[in-house]
Q: 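Pasting a structure here, questions to come.
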Amino acid sequence: MKILVTGGAGYIGSHTCVELLDEGYEVVIVDNLYNASKKVIRRIPQITGKNVGFYEADIRDYSQMSHIMNKEQPDAVIHFAGLKAVGESVEKPLAYYENNISGTLTLCKAMQESGCKNIIFSSSATVYGNPAVVPITEQCPKGACTNPYGWTKHMLEQILTDIQKADPDWNVILLRYFNPIGAHKSGLIGEDPKGIPNNLLPYVTQVAIGKHPYVRVFGNDYETPDGTGVRDYIHVVDLAKGHVKAIDKIKEHPGIKIYNLGTGKGYSVLEVIGAFSKACGKEIPYRIMERRAGDIAICYSDATLAKKELGWEAQFDLLDMCRDSWRWQSTNPDGYGEE
Ligand code: NAD
Ligand code: UD1
């Protein structure tokens with residue numbers, strides 16, 4: 001069975017390609033390398049001992065996508081390609097709507113015309129907005145997003161739902177990720193943010209290697225046990241395995257399905273800093289700062305539906321995630337570096 005992976009050279013995509021190859025799938029990546037390194041394409045076979053197909057192409061380019069879909073004839077598409085920086089999306093909404101929405105529409109058109117109607121889409125817990133209750137089930141109403149990035153996920157979920165409704169030959173699985181961190185145990189692939197990271201874990205790892213003096217903890221006056229924000233951190237390899245299970249599901253012709261991919265557990269910012277200190281063997285310094293605009297206090301999943309229907313459950317704990325992040329960061333201090 002052949003899987004086409006858009007954005008497969010990126011952080012979550014590359015880990016998913018490894019898991020798919022390990023499970024015996026044939027994998028073809030489409031990535032424009034906007035936020036990825038070509039080195040990933042060499043490291044995936046290094047980890048798995050298997051070849052991966054690669055097209056340096058933009059999903060917004062219909063003629064290229066149509067050519068690739070017709071030539072490769074994949075059985076399903078896992079669609080990661082997109083822009084994902086929340087702050088940047090507020091400054092450049094047009095770029096985000098254009099890349100994420102137009103890109104997905106072009107991809108779906110090329111899929112439809114080539115006869116491939118199976119898609120797994122990277123959505124986010126951000127679609128829940130500020131949740132009324134935790135843990136968050138898939139039944140929780142979607143909330144108002146605070147930024148254009150979030151709205152692209154919100155809108156694309158609706159667009160894909162409508163496409164499936166109009167043509168029941170389509171199978172659409174929307175996966176809502178919580179907070180992916182960690183890296184492959186080989187230390188060969190991991191997250192490589194450009195510039196100063198916005199997300200907590202990449203910032204903590206950069207403090208650990210001395211790129212920043214301390215972690216800025218955004219607020220300690222939330223209604224949480226230690227006052228700092230609580231999130232559902234999930235190991236990227238667990239997340240990747242969730243996609244393999246979603247491929248198994250799509251073979252059953254399920255129509256439209258939505259699953260949370262999280263661990264079901266919440267950890268505070270201070271707990272993450274504590275676990276990372278343990279993993280890297282040194283105290284990570286931090287300072288309490290003002291709250292970050294747009295942040296919510298608590299967000300963690302109810303992950304029981306994915307367990308029941310996909311037979312998937314996260315295996316790794318917070319210390320595993322921190323150890324693997326540290327291995328990646330300490331052996332690749334500049335990420336993938338220059339070509
Ligand atoms: P990433 O930036 O590492 O990967 C995205 C990949 O898509 C990159 O390799 C980039 O070069 C490629 N890409 C972007 N626009 C493209 C285009 N027009 N054509 C072809 N390739 C293009 O991000 P990631 O963290 O691996 O996230 C993957 C997906 O999961 C994204 O859709 C993201 O929004 C979603 N997601 C991520 C998180 C997270 O915390 N990382 C959480 C929830 C959802
Ligand atoms: C962010 C995005 C969300 C996206 C998710 C996963 C925002 C507002 N939301 O969510 O859309 O789906 O990442 O990629 O950016 N923190 C610090 N110091 C830091 C960084 C973060 O204290 O330097 C705190 C935050 O206040 C929060 C927690 O750490 O409590 C996690 O933050 P982050 O990693 O940015 O993820 P989210 O806010 O959950």
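For ligands, and for the atoms within them, numbers begin at 1 and follow the listed sequence.
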Q: Excluding sequence neighbours, so at least two apart, what forms salt bridge (Lys or Arg N to Asp or Glu O under 4.0 Å) with E23?
A: none
Q: A side-chain contact here means heavy atoms from C-beta on lying under 4.5 Å apart; do L107 and I119 qualify?
A: yes
Q: Between Y128 and R176, is any side-chain donor less than 3.5 angstrom from a side-chain acceptor?
A: yes
Q: Compute whether any side-chain donor of one residue and acceptor of the other, for Y177 and S122, lie under 3.5 angstrom apart.
A: yes
Q: Check the side chains of Y96 and E88 for a donor-acceptor pair under 3.5 angstrom, ignoring hydrogens and angles.
A: yes
Q: Side chains of S301 and N260: donor-acceptor distance under 3.5 Å anywhere?
A: no
Q: For ligand 1, run through the N/O pairs with the protein that fall under 3.5 Å and put one pair on each line.
A:
{"from": "ligand 1", "atom 1": "2 (O)", "to": "N35", "atom 2": "ND2", "distance (Å)": "2.7"}
{"from": "ligand 1", "atom 1": "3 (O)", "to": "Y11", "atom 2": "N", "distance (Å)": "2.8"}
{"from": "ligand 1", "atom 1": "9 (O)", "to": "G10", "atom 2": "N", "distance (Å)": "3.3"}
{"from": "ligand 1", "atom 1": "9 (O)", "to": "D31", "atom 2": "OD1", "distance (Å)": "3.3"}
{"from": "ligand 1", "atom 1": "9 (O)", "to": "D31", "atom 2": "OD2", "distance (Å)": "2.6"}
{"from": "ligand 1", "atom 1": "11 (O)", "to": "D31", "atom 2": "OD1", "distance (Å)": "2.7"}
{"from": "ligand 1", "atom 1": "11 (O)", "to": "N32", "atom 2": "OD1", "distance (Å)": "3.4"}
{"from": "ligand 1", "atom 1": "11 (O)", "to": "Y34", "atom 2": "N", "distance (Å)": "3.1"}
{"from": "ligand 1", "atom 1": "11 (O)", "to": "N35", "atom 2": "N", "distance (Å)": "2.9"}
{"from": "ligand 1", "atom 1": "13 (N)", "to": "N32", "atom 2": "OD1", "distance (Å)": "3.4"}
{"from": "ligand 1", "atom 1": "15 (N)", "to": "N99", "atom 2": "ND2", "distance (Å)": "3.2"}
{"from": "ligand 1", "atom 1": "18 (N)", "to": "D58", "atom 2": "OD1", "distance (Å)": "3.0"}
{"from": "ligand 1", "atom 1": "18 (N)", "to": "N99", "atom 2": "OD1", "distance (Å)": "2.9"}
{"from": "ligand 1", "atom 1": "19 (N)", "to": "I59", "atom 2": "N", "distance (Å)": "3.0"}
{"from": "ligand 1", "atom 1": "21 (N)", "to": "N32", "atom 2": "N", "distance (Å)": "3.2"}
{"from": "ligand 1", "atom 1": "21 (N)", "to": "N32", "atom 2": "OD1", "distance (Å)": "3.2"}
{"from": "ligand 1", "atom 1": "25 (O)", "to": "K84", "atom 2": "NZ", "distance (Å)": "2.8"}
{"from": "ligand 1", "atom 1": "26 (O)", "to": "Y11", "atom 2": "N", "distance (Å)": "3.2"}
{"from": "ligand 1", "atom 1": "26 (O)", "to": "I12", "atom 2": "N", "distance (Å)": "2.8"}
{"from": "ligand 1", "atom 1": "32 (O)", "to": "F80", "atom 2": "O", "distance (Å)": "2.8"}
{"from": "ligand 1", "atom 1": "32 (O)", "to": "K153", "atom 2": "NZ", "distance (Å)": "2.9"}
{"from": "ligand 1", "atom 1": "34 (O)", "to": "Y149", "atom 2": "OH", "distance (Å)": "2.8"}
{"from": "ligand 1", "atom 1": "34 (O)", "to": "K153", "atom 2": "NZ", "distance (Å)": "3.1"}

Q: Contacts table for ligand 2: protein N or O within a distance under 3.5 Å of ligand N or O, distances only.
A:
{"from": "ligand 2", "atom 1": "11 (O)", "to": "T126", "atom 2": "OG1", "distance (Å)": "3.4"}
{"from": "ligand 2", "atom 1": "12 (O)", "to": "S124", "atom 2": "OG", "distance (Å)": "3.1"}
{"from": "ligand 2", "atom 1": "13 (O)", "to": "N199", "atom 2": "ND2", "distance (Å)": "3.1"}
{"from": "ligand 2", "atom 1": "18 (N)", "to": "R216", "atom 2": "O", "distance (Å)": "2.6"}
{"from": "ligand 2", "atom 1": "22 (O)", "to": "R216", "atom 2": "O", "distance (Å)": "3.3"}
{"from": "ligand 2", "atom 1": "22 (O)", "to": "F218", "atom 2": "N", "distance (Å)": "2.9"}
{"from": "ligand 2", "atom 1": "26 (O)", "to": "D295", "atom 2": "OD2", "distance (Å)": "2.5"}
{"from": "ligand 2", "atom 1": "34 (O)", "to": "N199", "atom 2": "ND2", "distance (Å)": "3.4"}
{"from": "ligand 2", "atom 1": "34 (O)", "to": "L200", "atom 2": "N", "distance (Å)": "2.9"}
{"from": "ligand 2", "atom 1": "35 (O)", "to": "N199", "atom 2": "ND2", "distance (Å)": "3.0"}
{"from": "ligand 2", "atom 1": "35 (O)", "to": "R292", "atom 2": "NH1", "distance (Å)": "3.3"}
{"from": "ligand 2", "atom 1": "35 (O)", "to": "R292", "atom 2": "NH2", "distance (Å)": "2.8"}
{"from": "ligand 2", "atom 1": "36 (O)", "to": "N179", "atom 2": "ND2", "distance (Å)": "3.2"}
{"from": "ligand 2", "atom 1": "38 (O)", "to": "R292", "atom 2": "NH2", "distance (Å)": "2.9"}
{"from": "ligand 2", "atom 1": "39 (O)", "to": "N179", "atom 2": "ND2", "distance (Å)": "2.9"}
{"from": "ligand 2", "atom 1": "39 (O)", "to": "R231", "atom 2": "NE", "distance (Å)": "2.6"}

Q: If we ignore angles and hydrogens, is there a donor and acceptor under 3.5 Å between the side chains of D324 and H235?
A: yes
Q: Run through the side-chain heavy atoms of Ile, Leu, Val, Met, Phe, Trp and Tyr, join any pair under 4.5 Å, and report what else lands in F218's cluster.
A: M289
Q: Output, in order, the C-alpha distance, side-chain angles, deciding distance and verdict of side chain to side chain donor-acceptor pair (under 3.5 Å) for T263 and D232.
A: CA-CA 6 Å; T263 63; D232 186 341; 2.7 Å; yes
